[in-house]
Amino acid sequence: MTNNELADVFERIANLMKIKDELVFKVRAYERTAETLRSLGEEASALAARGALTSVPGIGKAISEKIEELLSTGKLGFLQRLEEEVPPSLLEMLKVPGVGPKKVALFWKELGLLNLADLQQAAAEGKLRSLPGMGEKSEAAILAGLASLAQRSGRMTLLRASEEGARWLAWLRKQPGVERAEPAGSLRRWKETVGDLDLVVAHREPAALMQAFTAHPDVARVLGQGENKSSVELKDGLRIQLWAQPPESFGALWIYATGSKDHNVRVRELAQRKGLSLSERGLLDAQGNLLRMPEEEQIYAALGLDWIPPELREDRGEVEAAAKHALPRLVSLGDIRMELHSHSTWSDGAVTIEEMARAAIARGYKVLAVTDHSHYMGIVNGMRPEDLPRQRAEIEEVQRKLGGQILLLQGAEVDIRSDGALDYPDEALAALDVVIASLHMSLHQPREQVTARLLNAIRNPHVDIIAHPTGRLLPDRAGADLDWSAVFAALAEHGTALEINASPMRLDADDAHTRHAAGLGIPITINTDAHAPRGMDEMIYGVSVARRAGLSAECVINTWEVEKLTGWLKKRGSRA
DNA sequence: GCCGTTTTCGGCCCGACTGTTTTCAGTCG
């Protein structure tokens with residue numbers, strides 16, 4: 001079982017236990033396990049094999065035994081017994097906005113409702129309103145929630161979230177009395193996909209702003225409106241949460257709204273140990289004085305912590321590191337000196353090599369690798385090996401024209417065929433300055449088979465970089481099911497670089513795998529895979545993955561000095 | 001269920017908003 005599959009099981013257990021009304025702290029232990037598994041990077045099976053599961057924070061004896069049972073049998077007796085007590089079809093009702101575990105249990109026990117269809121029918125027939133704690137309004141809210149559930153799409157890409165966020169922030173900054181408006185939530189943490197948009201403002205009298213916000217013409221439904229917090233659903237299904245506090249409390253508000261939830265819990269626990277209580281309004285001391293602070297740095301500092309970059313706020317040890325002043329110095333966009341994965345009109349790119357080179361110069365890059373596709377049948381207009389010398393001649397011509405402004409490398413993005421063979425013969429690969437290998441076809445072969453293909457590419461001495469390793473497409477098309485332990489081992493053995501593909505549709509490798517790979521000393525490269533100059537602007541999204549992985553610039557080969565990179569390539573047997 | 005610079009037992013983050021309630025439970029982030 002993959003980490004994600006294991007995480008799904010623990011999430012399921014947590015939700016069933018909530019409906020069963022188990023102790024919330026037990027439930028949280030299972031929820032936390034699900035979160036931890038998703039961001040582990042290393043395979044749980046590898047950890048289990050060396051008996052190290054309980055070394056993971058939050059995983060103790062009981063849960064590690066459950067993981068081991070799942071890994072060895074694919075089943076879990078504990079879950080099977082739980083599902084006999086609590087029908088698993090109830091879980092779909094939890095997806096309805098405004099319906100939580102208590103209501104699900106109520107509907108099930110009082111009315112025998114088992115699924116969404118039952119709920120829809122009971123609500124339409126007016127059977128919910130007479131239940132204890134329910135009324136006509138709650139019944140209507142459930143009908144509205146069912147309707148919006150049917151219409152809503154899931155999570156969106158970071159690109160769309162950034163664009164929507166920028167649009168709404170611009171609107172907010174024009175509203176009277178708004179002293180500051182900023183993104184928060186998973187958008188600010190640069191999570192690979194974003195569910196709802198979270199925005200915060202500094203404002204002294206926010207009631208009128210909240211009124212204007214909920215009355216905005218794009219709003220289809222107001223989910224809640226108060227003095228300090230409102231929540232709406234737009235006509236296209238997007239949800240936005242807006243929080244407001246006076247400017248002197250902005251620091252606490254921004255931390256709160258940025259999350260993650262687990263990070264906030266960790267920080268608040270720390271505050272408690274220091275005799276303080278942290279909320280979105282500020283720090284409450286033991287005497288009941290509210291200490292308001294306009295900046296996040298001040299709140300963190302009051303707790304003895306360095307300011308924590310939002311990308312790290314996932315409760316993966318960042319609070320402990322901040323207390324020891326040992327946070328990594330994260331790579332930033334300004335550190336990037338090269339684009340090592342790009343396309344031109346020689347394959348499916350939109351512009352010529354010269355135009356791409358000028359675009360790279362305009363972005364301050366010192367190196368551009370032209371890495372057009374090989375010719376495998378799945379790739380539109382890919383290059384045949386016999387085309388490579390002519391392309392080399394054009395690259396050299398452009399190089400002469402541009403002189404020392406940039407170093408152009410001839411590379412290729414060579415497809416790994418369905419049978420695992422590379423698309424070019426070794427002689428062709430040896431003549432290139434840099435070789436990228438990647439999977440495009442047959443991504444959903446069985447794990448052993450698709451992993452073997454990737455391993456074959458990694459073992460080829462001419463291959464320098466493995467690009468977008470899983471081939472996934474965000475927000476929801478899964479990529480290859482890789483045996484990551486084997487992939488990491490091979491990358492480390494051969495010194496092959498792992499790409500973070502910066503396209504917001506890919507962000508592949510993801511933060512968890514990147515973090516683990518870098519920890520093993522595997523070189524990381526962040527590339528946009530640009531097919532046109534504009535594509536190079538997506539570099540920031542790739543950098544965000546590296547930051548979420550906790551990487552400093554040294555781990556990322558395209559932050560290196562030019563000589564260091566060419567030296568690395570030469571040592572790998574390339575022509576550069 | 002997990003965990004330990006107070007603890008191997010007894011804790012475990014905090015507040016806004018809503019709808020049902022005459023003081024609070026449920027949901028959400």
Side-chain angles (χ1 to χ4, degrees), chain A residues 10 13-14 17-19 21-34 36 53-67 78 93-107 128-142 144-145 184-186 189 195-200 206 210 214 222-232 239-245 249 252-253 255-284 290 303-304 315 319-320 323:
Chain A
F10 286 98
I13 291 172
M17 287 175 77
K18 279 189 212 168
I19 296 172
D21 201 21
E22 284 272 12
L23 200 64
V24 288
F25 302 109
K26 274 193 192 185
V27 174
R28 234 192 82 196
Y30 286 103
E31 281 179 325
R32 189 163 174 227
T33 299
T36 302
L53 279 173
T54 51
S55 69
V56 178
I59 296 183
K61 184 164 178 288
I63 288 181
S64 69
E65 283 171 1
K66 291 185 174 72
I67 293 175
F78 176 78
M93 283 196 252
L94 285 177
K95 297 201 184 90
V96 180
V99 176
K102 295 290 193 318
K103 294 238 173 90
V104 170
L106 179 74
F107 300 155
L128 302 181
R129 63 183 68 177
S130 52
L131 292 169
M134 293 288 295
E136 281 187 41
K137 280 191 174 176
S138 336
E139 192 176 74
I142 285 174
S186 45
R189 301 199 313 278
D196 305 343
L197 215 50
D198 297 301
L199 306 173
V200 291
M210 292 297 173
T214 54
V222 178
L223 304 167
Q225 181 187 337
E227 176 89 357
N228 298 103
K229 174 183 168 187
S230 291
S231 171
V232 299
R239 289 177 164 218
I240 308 181
Q241 260 102 229
L242 177 65
W243 285 271
Q245 284 289 329
S249 281
L253 173 64
I255 290 176
Y256 160 74
T258 297
S260 65
K261 189 177 178 222
D262 291 334
H263 173 83
N264 287 352
V265 169
R266 182 72 59 203
V267 174
R268 287 171 178 200
E269 281 171 354
L270 179 66
Q272 248 189 352
R273 285 202 296 277
K274 293 182 183 289
L276 300 163
S277 167
L278 176 63
S279 76
E280 59 265 47
R281 303 184 311 132
L283 272 170
L284 203 63
L290 184 65
L303 298 172
D315 188 27
V319 175
E320 294 76 2

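Labels below follow one simple rule: chain letters A, B, ... track the order of the sequence lines, proteins then strands, and each chain is numbered from 1.
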Contacts of Ser249(A) that satisfy side-chain hydrogen bond (donor to acceptor under 3.5 Å, both in side chains) - sequence neighbours left out: Arg292(A)
Show me the side-chain donor-acceptor pairs of residues 21-30 of chain A shorter than 3.5 Å, one per line, residues at least two apart or across chains.
from	atom 1	to	atom 2	distance (Å)
Glu22(A)	OE2	Lys20(A)	NZ	3.3
Tyr30(A)	OH	Lys66(A)	NZ	3.3

Who passes side-chain hydrogen bond (donor to acceptor under 3.5 Å, both in side chains) against Gln241(A), sequence neighbours left out? Asp198(A), Ser231(A)
Partners of Asp196(A) by side-chain hydrogen bond (donor to acceptor under 3.5 Å, both in side chains), sequence neighbours excluded? Arg152(A)
For Ser64(A), the side-chain contact (heavy atoms from CB on, under 4.5 Å) test, sequence neighbours excluded, returns Leu53(A), Thr54(A), Ile59(A)
Under the salt bridge (charged side-chain N to carboxylate O under 4.0 Å, His left out) rule, collect the residues that match up with Lys229(A), sequence neighbours excluded. none
Which residues satisfy the salt bridge (charged side-chain N to carboxylate O under 4.0 Å, His left out) test with Arg281(A), sequence neighbours excluded? none
Sub-4.0 Å heavy-atom contacts from residues 56-63 of chain A onto DNA chain B, ordered by number: Pro57(A), Gly58(A), Ile59(A), Gly60(A), Lys61(A), Ala62(A), Ile63(A)
Ser138(A) meets the side-chain hydrogen bond (donor to acceptor under 3.5 Å, both in side chains) criterion, sequence neighbours left out, with none
Between dT7(B) and dC2(B) - C1' atom distance, rounded Å: 14 Å
Span that lies between the C1' atom of dG29(B) and that of dC13(B), in whole angstrom: 12 Å
Can you give one letter per nucleotide of nucleotides 4-12 of chain B, going 5' to 3': B for a protein heavy atom under 4.0 Å from the base, S for sugar-phosphate only, - for none? --------B
Would you mind classifying the nucleic acid contact of Lys137(A) as base, sugar-phosphate or nothing, using non-hydrogen atoms under 4.0 angstrom? sugar-phosphate
Polar-atom pairs under 3.5 Å, protein N or O versus N or O of nucleotides 26-29 of chain B: list them with distances, or write none.
from	atom 1	to	atom 2	distance (Å)
dT27(B)	OP1	Gly100(A)	N	2.7
dT27(B)	OP1	Gly100(A)	O	3.0
dT27(B)	OP1	Lys103(A)	N	3.0
dT27(B)	OP2	Lys102(A)	N	3.2
dC28(B)	OP1	Gly98(A)	N	2.8
dG29(B)	OP1	Asp196(A)	OD2	3.3
dG29(B)	N2	Tyr256(A)	OH	3.3
dG29(B)	N3	Tyr256(A)	OH	3.1

Look at the side chain of Lys26(A) and decide which nucleotide, out of dT20(B), dC17(B), dG1(B), has an atom nearest to it. dG1(B)
The ring pair (Phe, Tyr, Trp, His ring centres under 6.0 Å) partners of Tyr256(A) (sequence neighbours excluded) come to Trp243(A)
